[in-house]
Amino acid sequence: MKELTTKLLVIGGGPGGYVAAIRAGQLGIPTVLVEGASLGGTCLNIGCIPSKALIHAAESFEVARHQAAGSQLGIRVADPQIDIAQTVRWKDGIVQRLTGGVGALLRKAGVQVIKGWAQIEDGKTVTVKPQDGEPLRLRCEHLLLATGSTPVELPSMPFGGAIWSSTDALSPDAMPKRLVVVGAGYIGLELGIAYRKLGAEVTVVEAAQRVLPSYDEELTQPVLDALKKSGIVLHLACSVQGWDAQHGVHVRNARAEEFALPADRVLVAVGRRPHTTGFGLEGLQLDMAGRYVAIDAHCRTSMRGVWAIGDVTGEPMLAHRAMAQGECVAEQIAGQNRRFEPMQIPAVCFTDPEVVVVGKTPGEARAAGIDCIDAAFPFAANGRAMTLESTGGFVRVVARRDNHLILGWQAVGRGVSELAAAFGQSIEMGARLEDVGHTIHAHPTLGEAVQEAALRALGHALHI
Amino acid sequence: MGIYIIRVPDIGEGIAEVELVSWHVQIGQNITEDQHLADVMTDKATVEVPSPMHGKVLALGGQPGQVLAVGAELVRLEVEGAGNLKENQASAPASQAQAAIVSEAPAAPVAGTETPAPAAPVSAPGAAPAPLRASAPPPRTPAAPRKEGERPLASPAVRRRAQDMGIDLRYVPGSGPAGRIGHADLDAYAAGGGQPQAGGGTQYVQRHGEEQIPVIGLRRKIAQKMQEAKRRIPHFSYVEEVDVTELESLRQRLNQIHGATRGRLTLLPFLARAMVLALRDFPQINARYDDEAGHVTRYEGVHLGVAAQTDAGLMVPVLRHAESLDLWQCAAGIARLAEGAKAGRLAREELSGSTITLTSLGALGGIASTPVINHPEVAIVGVNRMVERPMLRGGQVVARQLMNLSSSFDHRVVDGMDAARFIQAMRALLETPALLFVE
């Protein structure tokens with residue numbers, strides 16, 4: 001078998017793996033990256049990017065339909081139509097451009113990319129059967145696991161046919177008339193809302209009492225209102241029992257009553273599990289933290305020279321966390337002192353309205369025993385929101401009472417995902433309420449709500 | 001939740017007590033299994049004590065410098081589950097242990113106060129001990145390490161610089177709003193060698209501080225050994241001049257030919273070789289004297305103590321069976337031991353059992369020295385700086401490379417005549433280096 005020796009071997013070309021490889025390449029570390037599917041991983045191929053493309057298409061279509069029905073802006077359009085096959089082609093074009101870009105960046109950094117599935121032999125040896133060419137044995141000083149995660153399947157409803165995973169839902173062959181979404185977390189709701197806007201009848205089944213159960217109720221209320229207004233039917237506190245083509249999805253509610261929800265397609269979005277099996281990882285007998293590979297603050301596993309980053313290491317399973325970890329590992333291998341210890345990791349939910357959470361919520365701060373103040377500024381009092389016909393939602397800030405150090409930001413509303421940058425920066429820089437409150441924010445923008453929230457927490461908001 | 005007592009482990013070889021050198025955890029800290037708790041010292045080796053459990057530190061069993069018996073309470077942990085302390089013992093530890101337990105001192109948080117943190121001395125683990133007595137009154141609010149879980153407040157740029165500089169920001173006082181650490185705070189901390197500094201002012205100021213440095217750990221061991229050696233052993237010192245011109249040219253020639261492949265040689269391996277050969281005729285000098293039992297043990301093998309200066313102080317790692325090593329093996333062995341000693345990585349076995357010691361002041365110069373015998377050995381040979389000096393050879397003034405050997409012997413068991421003849425034998429070998437290779 002052909003052998004290749006390198007200093008760093010990265011398994012997985014998702015956002016964690018490719019960033020680690022690029023950074024390592026920049027630092028002059030001989031690096032090989034092994035990826036069996038497409039570069040860019042879940043994020044670029046079947047996650048963040050294609051879902052946002054679909055959401056944008058759905059929103060554009062909905063605006064057109066809204067205008068056809070008589071818009072108060074005075075715009076009239078004729079009966080709009082959507083060619084879903086063309087939508088999918090457009091989305092695929094974006095994905096191809098981005099994944100191609102990742103390949104180019106890796107080449108520029110001098111990283112050798114091997115297409116094929118890795119099989120771990122030991123902590124320093126991996127074999128690969130490339131898509132073309134003979135099998136390879138790769139030897140390395142440092143092994144980086146960046147194998148990501150996969151959607152969780154329900155035993156009663158395995159993926160296939162009418163049962164969609166999130167991946168299937170991003171490349172529909174045709175528009176379903178009736179879609180049942182199992183799970184009201186962010187993946188289920190983002191796609192459910194998009195399909196509703198594309199014209200499907202959407203029903204959401206959720207086992208918890210609330211939608212987006214990981215966020216607080218105040219924050220998710222505008223989302224709940226929007227879901228109801230959009231005509232999405234919600235079945236909360238209900239469990240899914242199974243599926244048959246004739247009746248649809250079998251559901252049991254909290255009173256143990258069973259009923260069926262007719263559906264052409266069922267999107268199962270009940271979570272993701274780390275990708276830890278099927279490639280020899282078990283043989284390393286690494287310490288695990290539950291289902292995840294256990295790592296320390298340096299992203300080191302329990303085996304010397306073996307590192308792990310991203311979804312395979314646990315929550316939050318977010319691309320930007322994996323990227324930051326990847327950079328951190330590459331720099332350590334280059335001999336730099338690094339720890340992965342951010343003050344915050346932002347989380348964005350691209351529902352309509354969008355939700356963004358950065359740092360601690362009021363509940364989390366209080367649970368940590370911190371005496372805090374929080375204040376919200378509604379978009380109803382923001383001029384820019386009115387011009388965008390989108391006055392729902394608010395920006396909320398959480399700060400220590402004693403020194404006004406900002407601990408967290410949350411926002412819900414149209415376009416608030418873009419506020420994540422300002423939120424994250426203020427926390428990382430150790431800003432206090434006065435720092436944000438006394439920063440001139442451009443008018444008229446949604447960002448004024450950020451300044452006003454800080455001022456309101458200080459007791460003197462100007463526009464409410 | 002239960003209480004788990006971690007006791008001073010039995011380190012073996014009949015050791016009944018250890019000296020506590022330093023703590024690597026503090027009260028209130030959550031620790032994980034295998035986390036490094038403390039350094040304890042036995043004889044000359046420092047041993048790391050790991051934690052057998054996850055838990056939260058409730059109490060520490062003493063201050064650095066304290067001597068603890070094997071089995072004494074070292075750390076008290078709060079753990080998940082029952083722990084190993086029974087209910088009726090929980091409130092009443094043994095009186096001796098109770099006296100030794102350091103309880104948690106109240107500490108004001110640094111972050112979370114509006115006023116800038118005072119530039120009070122802060123000891124980071126491993127840093128120099130803080131002054132025990134100072135002319136100024138102690139600050140009211142110590143800028144203590146932040147509580148476990150309380151994160152230092154600093155921008156990403158400051159955090160990254162701190163990582164690059166190897167500084168743990170938890171120990172850096174922040175002068176910014178809400179205790180935020182800025183670049184200047186970091187610079188001041190680094191400039192103070194890990195101590196926060198008050199900024200500004202002229203250099204020409206009266207200084208009134210006093211500092212008591214406890215003589216603990218390795219330094220105490222060194223002090224005890226030196227005192228014992230000088231108190232018990234009537235030293236007889238002997239200094240001789242050696243012409244090492246030929247030896248030096250041989251050394252340089254060997255380095256030219258073999259330096260790249262076998263490693264470069266210093267003078268030390270040649271001295272070791274000369275010593276090994278000379279000792280064959282002076283078995284009474286390669287020996288250890290048990291003066292209480294009243295016998296001298298002579299050794300066929302030469303276990304050569306090689307004095308090494310470390311940050312912590314003088315250590316004497318042992319090159320075992322120096323008689324069986326060629327020049328390069330000897331050089332490699334000495335280099336490995338010196339490096340290990342500096343990094344504190346040597347095992348107890350590598351720090352004990354020497355039969356004679358070689359010490360080099362080399363680059364530090366000096367004409368002669370009076371080395372102290374490494375008790376219970378009976379001899380030590382020191383090397384002074386090599387210098388080029390004019391000498392008369394055959395009526396001509398010529399430049400020669402000269403070096404002094406300064407030696408000390410235990411006069412109780414080594415006669416002056418034997419000592420002098422031994423050094424003369426070394427000198428003969430060193431001045432005619434071909435003899436070093438004749439068996």
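Labels below follow one simple rule: chain letters A, B, ... track the order of the sequence lines, proteins then strands, and each chain is numbered from 1.
With a 6.0 Å radius and a threshold of 12 heavy atoms from other residues, nucleotides or ligands, A:Lys124 has its NZ atom above the threshold. With a 6.0 Å radius and a threshold of 12 heavy atoms from other residues, nucleotides or ligands, A:Glu418 has its CD atom at or below the threshold. In B:Glu80, the CD atom is not crowded: 12 or fewer heavy atoms of neighbouring residues, nucleotides or ligands sit closer than 6.0 Å. For CD of B:Glu339, the number of neighbouring non-hydrogen atoms (other residues, nucleotides, ligands) closer than 6.0 Å is 12 at most.
Taken to the nearest 0.5 Å, the CG atom of B:Leu153 stands 11.0 Å off from the CD1 atom of A:Ile427. Rounded to the nearest 0.5 Å, atoms CD1 (B:Ile167) and CG (A:Asn337) are 10.5 Å apart. For the atom pair CD of B:Gln163 and CD of A:Gln332, the computed distance is 8.5 Å after rounding to the nearest 0.5 Å. Atom CZ of A:Arg339 and atom CG of B:Asp168 lie 7.5 Å apart (nearest 0.5 Å).
Proximity of a side-chain donor or acceptor of A:Arg400 to a complementary backbone N or O of B:Ala178 within less than 3.5 Å is not detected.
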Item to check | Stepwise side-chain contact (heavy atoms from CB on, under 4.5 Å) test for B:Arg180 and A:Leu405 | outcome: CA-CA 10 Å; B:Arg180 192 185 312 159; A:Leu405 179 72; 5.7 Å; no

Item to check | side-chain contact (heavy atoms from CB on, under 4.5 Å) between A:Met343 and B:Arg159, worked out | outcome: CA-CA 11 Å; A:Met343 297 294 281; B:Arg159 298 207 299 265; 3.2 Å; yes

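Ranked by non-hydrogen atom pairs under 4.5 Å with chain B, the options A:Glu428, A:Gln425, A:Met429 are led by A:Glu428. By number of non-hydrogen pairs under 4.5 angstrom with chain A, the leading residue of B:Ala162, B:Pro156, B:Gly166, B:Ala154 is B:Pro156.
Heavy atoms of A:Glu331 lying under 4.5 Å from chain B belong exclusively to its side chain. If you measure heavy-atom distances from A:Ala368 to chain B, you find no contacts under 4.5 Å at all.
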